[in-house]
Structure formats: C-alpha cells, structure tokens
Amino acid sequence: MAGATVALGSILAGCGGTRQDAHEPARHYKVSVLNASFPTTQTLSSQSALTVQVRNDDTQTIPQLAVSVSSFNVNSSRPGLADPSRPVWIVDQGPAGGESAYTNTWALGALAPGQVRAFTWKVTAVRAGVHTIDYAVAAGLNGKATAVLAGGGRPGGRFTVRISRCPAQARVNFDTGKVIRKAPAGAAAKSCVPAAAGGTPGVNHGTQGPNDAQAGSGSGSSPNAGAGAQPGSP
C-alpha cells in the first residue's frame with residue numbers, strides 16, 4: 001500500500017549504536033480491524049472524523065500498536081516548487097498521545113490479547129476533487145513485529161472520497177445552540193464535485209455501508225465486523 005507503510009530498518013540511537021528495535025519481538029500478531037470509517041462525501045472547510053478500531057486476536061501482547069495513514073497530502077505536478085506536497089486534509093487532531101517519530105504514523109502503545117483500541121483523526125478538507133486515503137495497521141514501529149489478519153493478509157484499507165467545492169449547508173439548532181452542517185445533495189452536489197476518471201469512485205475493500213464504514217473480514221467472535229484487507233506492508 002503506497003505511502004501507508006510504517007518505516008522499517010535499523011535506526012541507531014545516539015553515538016552508542018544501540019538499535020532502536022533491539023527489544024521488538026520478531027513475530028506476527030493476529031489482529032482484526034473491527035471498524036474503519038470515513039465520510040465518503042465531504043465539503044471544503046468542514047471537519048470529518050477518520051476512525052480505525054483494532055482488536056488484538058493474538059495470544060501475546062502487541063508491543064506497539066500503530067496505524068499509518070497516507071494521502072492526507074498529494075504531490076503537485078507544478079514545476080519549480082520547493083515542496084511539491086500539498087494538503088488535501090489538514091489534521092486538526094490526531095489520536096491522543098499517538099505521535100511518533102515516523103511520518104504519517106501514530107502509535108498507541110502495547111495492546112493485550114482480546115483488547116480493542118481506537119485511532120481517531122479529526123481532519124478538515126481543503127482541496128476539492130476525488131481523492132483516496134489509505135491506512136495500514138502495524139504491531140511495531142521498526143518492522144520486526146508485524147500485524148496480520150487471521151487469514152494471513154495485512155490489515156489495512158482504502159477510502160475514496162469526494163470533496164465538494166460548495167460549502168456545507170448550515171443551520172442552527174436553537175434548542176442546543178449547535179450548528180448543523182449538511183453536504184449539498186442532488187443536482188447541487190453534482191455541480192460541485194468533478195467526476196472521477198472512469199466513472200463513480202468506490203471503496204476498494206469491502207462495500208461501503210450506510211455509515212461510511214467498510215465491511216470486511218474480522219476474526220474471532222465478530223467475523224463480519226472487521227474492515228477489508230489490502231495486501232502490502234503495514
């Protein structure tokens with residue numbers, strides 16, 4: 001899965017030469033992605049939540065549960081740019097306490113057998129069009145501990161998202177004082193979002209449900225609760 005891979009390799013800490021991955025077990029850990037959700041229709045300047053919920057289906061504790069997300073940015077083809085990277089989504093808030101030294105990777109620590117942990121990003125769309133976003137789950141930060149599904153595939157997935165140029169329709173709930181935003185619908189929506197090349201975009205893994213969550217291949221007591229998997233490195 002391009003761009004959604006936890007960095008691998010031996011990293012030396014300081015001048016002493018101690019390997020950062022010296023205490024990371026070299027083994028596979030079975031996991032299920034119980035939920036992966038992201039709205040597939042969004043509007044510019046509106047905030048959305050990307051959530052990935054992972055369960056440890058192994059008999060051993062996962063040393064460092066991590067999720068990498070690619071495509072918050074895209075590379076511009078305009079020549080002469082010092083930095084070709086341009087944001088599609090601005091990350092307003094990542095998983096609490098999950099910052100890591102690796103680009104686009106968040107880690108939430110050890111996960112005991114049978115336990116579940118959720119990663120949530122609050123992001124704001126800033127670039128209209130049709131975009132894809134990938135995520136991948138890992139069991140460590142250095143490549144020795146790897147996460148796998150019960151069937152042997154790598155846990156991860158993709159969303160295809162239409163970001164409208166038109167602002168969200170907003171109204172105020174006078175009982176609560178909250179602003180309620182709703183994406184344009186019907187003909188208004190079609191005039192705001194360019195069509196994807198080759199037809200209407202869709203989710204690459206599983207099918208898209210009514211709550212913009214991927215159906216898929218969990219294991220254990222809830223085999224149908226997990227998100228679909230895409231082969232590749234976590």
**Q** Ignoring hydrogens and geometry, is there a side-chain-to-backbone donor-acceptor pair from Ser100 to Thr105 under 3.5 Å?
**A** yes
**Q** Got a sec, which residues hit side-chain hydrogen bond (donor to acceptor under 3.5 Å, both in side chains) with Gln60, two or more places apart in sequence or on another chain?
**A** none
**Q** Shared ILVMFWY cluster between Val148 and Val52, side chains joined below 4.5 angstrom?
**A** no
**Q** Heavy atoms only: give me the nearest Pro113-Thr61 pair and the separation to one decimal.
**A** CD-OG1, 3.6 Å
**Q** Do side-chain atoms of Gln64 reach the backbone of Gly109 as a donor and acceptor pair under 3.5 angstrom?
**A** yes
**Q** Side chain to side chain contact (heavy atoms under 4.5 Å, CB included) between Phe38 and Ser48: does it pass, once the steps are laid out?
**A** CA-CA 7 Å; Phe38 195 43; Ser48 300; 4.1 Å; yes
**Q** Would you name the heavy atoms of Ala145 and Pro63 that are closest together and state the gap between them?
**A** CB-CG, 3.8 Å
**Q** What do the steps show when you test Thr124 against Asp92 for side-chain hydrogen bond (donor to acceptor under 3.5 Å, both in side chains), and what is the final call?
**A** CA-CA 7 Å; Thr124 297; Asp92 302 314; 2.5 Å; yes
**Q** If I take atom OG1 from residue Thr120 and atom CH2 from residue Trp106, how far apart are they, to the nearest 0.5 angstrom?
**A** 12.0 Å
**Q** Verify the cluster assignment for Phe119 and Ile90: are they in a single hydrophobic cluster under the rule of side-chain heavy atoms below 4.5 Å apart?
**A** no
**Q** How many angstroms lie between atom OH of Tyr29 and atom OG1 of Thr59, to the nearest 0.5 angstrom?
**A** 9.5 Å
**Q** Kindly state whether the ring of Trp121 and the ring of Trp89 have centres lying under 6.0 angstrom apart.
**A** no
**Q** Does the side chain of Thr51 reach to within under 4.5 Å of the side chain of Asn35, using non-hydrogen atoms?
**A** yes
**Q** Please find the pair of heavy atoms, one from Ala66 and one from Leu141, that lie closest to each other, and give the distance.
**A** CB-CD2, 3.9 Å
**Q** Taking all heavy atoms of Ser71 and all of Val88, pick out the closest pair and write down the distance.
**A** O-CB, 4.3 Å
**Q** So, do Gln42 and Val161 sit near enough that their side-chain heavy atoms are less than 4.5 Å apart?
**A** yes
**Q** Please check this pair: side chain of Glu24 against backbone of Lys144, looking for a donor-acceptor N/O pair closer than 3.5 Å.
**A** yes
**Q** Could you please spell out the steps behind the side-chain hydrogen bond (donor to acceptor under 3.5 Å, both in side chains) verdict for Tyr135 and Asn104?
**A** CA-CA 10 Å; Tyr135 69 90; Asn104 298 327; over 6 Å; no
**Q** Could you tell me whether the side chain of Val69 reaches within less than 4.5 Å of the side chain of Leu50, counting heavy atoms only?
**A** yes
**Q** Nearest 0.5 angstrom please: Leu108 CG to Ile62 CD1, how far?
**A** 11.5 Å
**Q** Just by distance, no angles: are the side chains of Ser32 and Asp57 close enough, under 3.5 Å, to form a donor-acceptor pair?
**A** yes
**Q** Roughly how far apart are Arg165 CZ and Thr43 OG1, rounded to 0.5 Å?
**A** 13.5 Å
**Q** Just how far is it from atom CZ of Arg158 to atom OG1 of Thr132, taken to the nearest 0.5 Å?
**A** 4.5 Å
**Q** Report the residue from Val54, Asn56, Leu65 that forms a side chain to side chain contact (heavy atoms under 4.5 Å, CB included) with Arg117.
**A** Leu65
**Q** Is the shortest heavy-atom distance from the side chain of Ile163 to the side chain of His131 under 4.5 Å?
**A** yes
**Q** Can you name the closest pair of heavy atoms from Arg27 and Asp58 and give their distance?
**A** NH1-OD2, 3.1 Å
**Q** Check the pair Val33, Gln53 against side chain to side chain contact (heavy atoms under 4.5 Å, CB included), reporting the backbone distance first and the verdict last.
**A** CA-CA 6 Å; Val33 180; Gln53 188 180 49; over 6 Å; no
